[in-house]
2 protein chains.
Amino acid sequence: MDKTENWMTIGQVARSAGAKVQTVRYYEEIGLLPPAPRTAGGQRLYDEVARKRLAFIRHARGLGFPLEAVRELLRLADHPEAPCDEADLIAARQLEAVEQRIAQLLSLRHELGRMLDHCQGDRVARCRVIETLADHSLCAEAEHLGAGL
Amino acid sequence: MDKTENWMTIGQVARSAGAKVQTVRYYEEIGLLPPAPRTAGGQRLYDEVARKRLAFIRHARGLGFPLEAVRELLRLADHPEAPCDEADLIAARQLEAVEQRIAQLLSLRHELGRMLDHCQGDRVARCRVIETLADHSLCAEAEHLGAGL
DNA sequence: CCTTGAAGCTACAGTCACTGTAGGGATTAG
DNA sequence: CTAATCCCTACAGTGACTGTAGCTTCAAGG
Ligand SMILES: [Zn+2]
Ligand SMILES: [Zn+2]
Ligand SMILES: [Zn+2]
Ligand SMILES: [Zn+2]
């Protein structure tokens, strides 16, 4: 009944979802958002449906889902009659990835804490931080092979 | 006393440090490793000093230090008489970054677990995973604004 | 109607730390 | 001598944006 389209500009829709303007354009470019209709002057316009879609994407990204998973979740959300096994599987895989990452980071925290605890704050020649980095056998147990935060 | 240089190829030194050959060349390119001496045919050669330097880099990377921090740690390791405050500060900052990341991921784990626990595994129309992504007010408390794993 | 300033447009480069590929040359064991 | 394995350079691609330059459009005030 409410056909009064309440158009928003890209800046408004971006703010409403906590995204940057460039990010919204990027999502359109890679096909996560449909091409937005434009004003006569070529500026993008967004309605409530588009705003919700953007909010969905940002929420999923905030929970760490990679964009390909978000793409799949959007596709599923567009088919409400399909069974939800696939959506649950994607979320379960994401949970597993988060748990693995947590385990890895707990191990890194342990090693970093140990390094700092053992250092007497003397010269570099006797710095436990430098010594440990030069000799993995000073580490407690961790494998810390995968890199990055 | 041991001047018998025991040269390794790039493949050998990479394997010994758990790195790929391209990664070793990349470290040389960005100046983390000094330019390696070459054979007459132009192939790189590595000695024990270079092997240790590469192992140091990989160990630091394995503990999550960004390359710029590794660069600084290497610079400090080359000056054994300097005080070790700087090295300890870099490690402390890394520890703090790891702790922040852990806190964030624990919150994500909580939300993902909640989503999955509440879903009855019906149609997408009633899938708690999709519902939650569409409506952040179904989340417990977390801000999950920063993205990515 | 005109001006001004904010916001929008495209196109492209840069981030981080690699990884992969194409198209060749070097080295070594048989 | 040949075949297999390694190595070389140079460059493109990854993920998910972010920043910049140089322009155009829009809304509001005078
Ligand atoms: Zn120290
Ligand atoms: Zn270690
Ligand atoms: Zn479900
Ligand atoms: Zn939420």
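Throughout, protein chains are lettered first and strands after them, A, B, ... in sequence-line order, and every chain is numbered starting at 1.
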#### Entry: N/O (side chain, B:Thr9) to phosphate O (OP1/OP2, D:dC7) under 4.0 Å
yes
### Query
Roughly, in whole Å, what's the span from CD in B:Gln22 to P in D:dT9?
12 Å
#### Entry: Pairs touching residues 82-99 of chain A that satisfy side-chain hydrogen bond (donor to acceptor under 3.5 Å, both in side chains), sequence neighbours left out
none
### First encountered from the 5' end of DNA chain D, between B:Gln12 and A:Tyr26
B:Gln12
### Task
List the steps and the verdict of side chain to side chain contact (heavy atoms under 4.5 Å, CB included) for B:Met115 and A:Leu63.
CA-CA 11 Å; B:Met115 278 165 53; A:Leu63 288 162; 4.2 Å; yes
### Residue pairs, two or more places apart or on separate chains, that pass side-chain hydrogen bond (donor to acceptor under 3.5 Å, both in side chains) and touch residues 126-135 of chain B
B:Asp122-B:Arg126, B:Asp135-B:Ser137
### Message
What is the separation between atom CD on A:Glu68 and atom P on D:dT14, rounded to the nearest whole Å?
### Response
11 Å
### Query
Would a 4.5 Å heavy-atom cut-off, applied to side chains only, mark A:Leu54 and A:Leu32 as touching?
no
### Query
So does A:Lys20 get a side-chain nitrogen or oxygen closer than 4.0 Å to the phosphate oxygens (OP1/OP2) of D:dA16?
no
### Task
Among residues two or more places apart or on two chains, list those pairs meeting side-chain hydrogen bond (donor to acceptor under 3.5 Å, both in side chains) that have a residue in residues 34-53 of chain A.
A:Glu28-A:Arg44, A:Glu48-A:Arg51, A:Arg53-A:Asp78
### Task
Could you check which of D:dC6, C:dC9, C:dC18 has an atom nearest any side-chain atom of B:Tyr27?
C:dC18
### Task
Linking directly or through intermediates, with side-chain heavy atoms under 4.5 Å: list the remaining ILVMFWY members grouped with B:Leu45, chain and number order.
B:Trp7
### Query
Just how far, in rounded Å, is P of D:dG15 from CD1 of A:Ile57?
16 Å
#### Entry: Nucleotide C:dC16, atom P - distance to CG of B:Leu32 in whole Å
13 Å
### Proximity to DNA chain C (any heavy atom under 4.0 Å), residues of residues 87-99 of chain A only
none
### Query
Heavy-atom contacts under 4.0 Å between residues 34-48 of chain A and DNA chain D, which residues?
A:Thr39, A:Gly41, A:Gln43
### Summary
Between CD of B:Glu29 and C1' of D:dT9 the distance, given in whole Å, is 10 Å
### Message
List the residues meeting side chain to side chain contact (heavy atoms under 4.5 Å, CB included) with A:Ala60, not counting sequence neighbours, and say none if there are none.
### Response
A:Phe65, A:Val70, B:Leu133
### Task
Starting at atom CZ of B:Arg25, determine the distance to atom C1' of C:dT19, rounded to an integer number of angstrom.
12 Å
### Task
Let me know the distance between CH2 of A:Trp7 and P of C:dG8, rounded to the nearest Å.
16 Å
### Summary
Applying side chain to side chain contact (heavy atoms under 4.5 Å, CB included) to B:Gln120 and not counting sequence neighbours gives none
### Task
Check whether any side-chain nitrogen or oxygen of A:Arg58 sits under 4.0 Å from OP1 or OP2 of D:dC17, and answer yes or no.
yes
### Task
For B:Glu28 and C:dC18, give me the distance from atom CD to atom P, rounded to whole Å.
15 Å
#### Entry: With sequence neighbours excluded, residues passing side chain to side chain donor-acceptor pair (under 3.5 Å) with A:Tyr27
A:Arg58
